[in-house]
Amino acid sequence: QVQLMESGGGTVQAGGSLRLSCVASGSTSEIDTLAWHRQAPGKQRELVAKISRGGGTYSADSVKGRFTISEDNARNTLYLQMNSLKPEDTGTYYCHVEAGYEDWIGSEKLYYPYDAWGRGTQVTVSS
C-alpha cells in the first residue's frame, strides 16, 4: 500500500503563489497515476491536475496556465505549483494516487487496483 503526506498549504493574497508537496511512502513502485484534488467549503471534491507515470498530464480548465503539476521520482514527491492564485482556489487540497499490483492465482496473473488519499492541506486565498 501507499501512504501520502501533503504539505505547503497556507494563506496567501490573491495573485500570490504557493507550492504544495506530497511525499509518497510504502509501495511507491505500484503507483500508476498521481493527482491533486481540492474541496471548497460546501462543494464536492474536484480534480485539479493529474500526472501519469507514462508521462501524460491533465489540468482542469479552471487552473490551466496557472497551476503546474510535476513529480520528482527520486524523492517520491508530487508537486503542485500554484501561481496567480484567486479566492476561488481556496479549499483543502488532497493528494491522490491510483496504484495496483499483480499476483498469481494458480496459473493466472491478476491485477489488483487500489487508491490512496492524503489527509489534505488547507489553501486560503484572500481578496
Side-chain angles (χ1 to χ4, degrees):
Q1 298 292 307
V2 175
Q3 296 79 43
L4 304 170
M5 177 67 73
E6 304 99 334
S7 63
T11 299
V12 65
Q13 287 190 330
S17 297
L18 283 173
R19 188 176 80 156
L20 305 183
S21 300
C22 171
V23 177
S25 60
S27 303
T28 57
S29 63
E30 296 177 350
I31 294 174
D32 294 320
T33 62
L34 306 96
W36 288 99
H37 296 247
R38 68 185 179 189
Q39 186 165 20
K43 294 188 176 181
Q44 287 189 327
R45 193 172 297 190
E46 62 175 350
L47 174 64
V48 175
K50 180 165 65 173
I51 187 167
S52 167
R53 283 277 166 89
T57 61
Y58 163 85
S59 295
D61 288 343
S62 59
V63 306
K64 277 182 181 175
R66 300 188 299 122
F67 291 10
T68 302
I69 188 171
S70 63
E71 181 190 11
D72 184 336
N73 284 329
R75 291 183 169 84
N76 290 316
T77 302
L78 179 70
Y79 300 103
L80 185 68
Q81 179 65 45
M82 305 187 295
N83 299 327
S84 302
L85 282 160
K86 304 175 181 180
E88 51 263 44
D89 295 319
T90 294
T92 304
Y93 284 68
Y94 297 91
C95 182
H96 176 246
V97 299
E98 295 175 335
Y101 63 94
E102 294 177 332
D103 199 2
W104 288 93
I105 303 297
S107 60
E108 187 176 6
K109 184 189 285 187
L110 299 179
Y111 181 75
Y112 295 90
Y114 64 92
D115 67 346
W117 290 89
R119 292 190 174 186
T121 185
Q122 178 66 34
V123 171
T124 302
V125 184
S126 60
S127 56

J.: How about V48 and L80: do any of their side-chain heavy atoms sit closer than 4.5 Å?
T.: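 Answer yes - side chains close enough.
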
J.: Give a yes or no on whether the backbone of S25 and the side-chain of T28 come within a donor-acceptor separation of less than 3.5 Å.
T.: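 Between the backbone of S25 and the side chain of T28 there is no qualifying donor-acceptor contact (under 3.5 Å).
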
J.: Walk me through whether V2 and I31 qualify under side chain to side chain contact (heavy atoms under 4.5 Å, CB included).
T.: CA-CA 8 Å; V2 175; I31 294 174; 3.9 Å; yes

J.: Using the test salt bridge (charged side-chain N to carboxylate O under 4.0 Å, His left out), find all partners of K64 that sit at least two apart in sequence or belong to another chain.
T.: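 Here the qualifying residues are D61.
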
J.: Would L20 and M82 satisfy side chain to side chain contact (heavy atoms under 4.5 Å, CB included), going step by step from the backbone distance to the final call?
T.: CA-CA 8 Å; L20 305 183; M82 305 187 295; 3.7 Å; yes

J.: Walk me through whether W36 and L47 qualify under side chain to side chain contact (heavy atoms under 4.5 Å, CB included).
T.: CA-CA 6 Å; W36 288 99; L47 174 64; over 6 Å; no

J.: Would you kindly check if the NZ (Lys) or CZ (Arg) of R19 is within the cone defined by 45 degrees around the ring axis of Y79 and under 6.0 Å from the six-membered ring centre?
T.: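 Output yes; distance and angle both within limits.
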
J.: Nearest heavy-atom pair of T77 and R75: which atoms, and what distance?
T.: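 Smallest heavy-atom distance, with atoms named: OG1-O, 2.8 Å.
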
J.: Is there a side-chain contact between Y114 and S27, using heavy atoms and a 4.5 Å cut-off?
T.: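 Yes, their side chains come closer than 4.5 Å.
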
J.: Evaluate the side-chain proximity of F67 to L18: yes if any heavy-atom separation is below 4.5 Å, no if none is.
T.: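 In short, these two side chains do not touch, never coming nearer than 4.5 Å.
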
J.: Any donor and acceptor pair, going by atom type alone, linking the side chain of E6 with main-chain N or O of C95 inside 3.5 Å?
T.: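 Here the side-chain-to-backbone pair exists.
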
J.: In this structure, would V123 and V23 fall into the same cluster of hydrophobic residues linked by side-chain contacts under 4.5 Å?
T.: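 In one cluster with V123: V23, no.
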
J.: Looking only at the side chains, is there a donor atom on one of Q122 and Y93 sitting less than 3.5 Å from an acceptor on the other?
T.: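 No donor-acceptor contact under 3.5 Å links the two side chains.
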
J.: Without swapping roles, check the side chain of Q1 against the backbone of G26 for a donor-acceptor pair under 3.5 Å.
T.: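 Such a contact is absent between Q1 side chain and G26 backbone.
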
J.: Decide yes or no for D103 and Y111: does some side-chain heavy atom of the first lie under 4.5 Å from some side-chain heavy atom of the second?
T.: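 Not touching, per the 4.5 Å side-chain cut-off.
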
J.: How about V97 and W117: do any of their side-chain heavy atoms sit closer than 4.5 Å?
T.: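 Result no, sub-4.5 Å side-chain heavy-atom pair not found.
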
J.: Going from CD on Q13 to OG on S126, what distance comes out if it is rounded to the nearest 0.5 angstrom?
T.: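 If we round to the nearest 0.5 Å, Q13:CD and S126:OG are 5.0 Å apart.
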
J.: State, yes or no, whether a side-chain contact exists between L4 and R119 at a heavy-atom distance under 4.5 Å.
T.: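 L4 does not reach R119 side chain to side chain.
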
J.: What I'd like to find out is whether the side chain of R53 reaches to under 4.5 Å of the side chain of E71, using heavy atoms alone.
T.: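 Yes, close enough: below the 4.5 Å cut-off.
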
J.: When you group the ILVMFWY residues by side-chain heavy-atom contacts below 4.5 Å and let the links chain together, are W104 and Y112 in the same group?
T.: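 No, separate clusters.
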
J.: When you check the side-chain N and O atoms of N83 and S17, is any donor under 3.5 Å from an acceptor?
T.: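 Result is yes, a qualifying pair exists.
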
J.: Got a donor-acceptor contact below 3.5 angstrom from the T90 side chain to the V125 backbone?
T.: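 At least one qualifying donor-acceptor pair exists.
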
J.: Rounded to the nearest 0.5 Å, what's the gap from CG on D72 to CG on L78? Could you check?
T.: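 Here the interatomic distance stands at 10.5 Å.
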
J.: For R38 and E46, run salt bridge (charged side-chain N to carboxylate O under 4.0 Å, His left out): C-alpha distance rounded to whole Å, both residues' side-chain angles, the deciding distance at 0.1 Å, then the answer.
T.: CA-CA 5 Å; R38 68 185 179 189; E46 62 175 350; 2.7 Å; yes

J.: What's the spacing between N76 CG and L34 CG if we round to 0.5 Å?
T.: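 Here the rounded value is 9.5 Å.
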
J.: Locate the shortest heavy-atom distance separating S127 from A14; write the atom from each residue and the value.
T.: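 Smallest interatomic distance, heavy atoms only, reads CA-CB, 4.4 Å.
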
J.: Can you find a side-chain donor-acceptor pair between E98 and T33 that sits under 3.5 Å?
T.: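 Result is yes, a qualifying pair exists.
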
J.: For R45 and Q39, indicate whether the former's side chain and the latter's backbone hold a donor-acceptor pair under 3.5 Å.
T.: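 Such a contact is absent between R45 side chain and Q39 backbone.
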
J.: Would you give the length of the straight line joining atom SG of C22 to atom CD1 of I69, rounded to the nearest 0.5 angstrom?
T.: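 The distance works out to 9.5 Å.
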
J.: Between S62 and A60, is there a donor-acceptor pair closer than 3.5 Å when you use the side chain of the first and the backbone of the second?
T.: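 Answer holds: no.
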
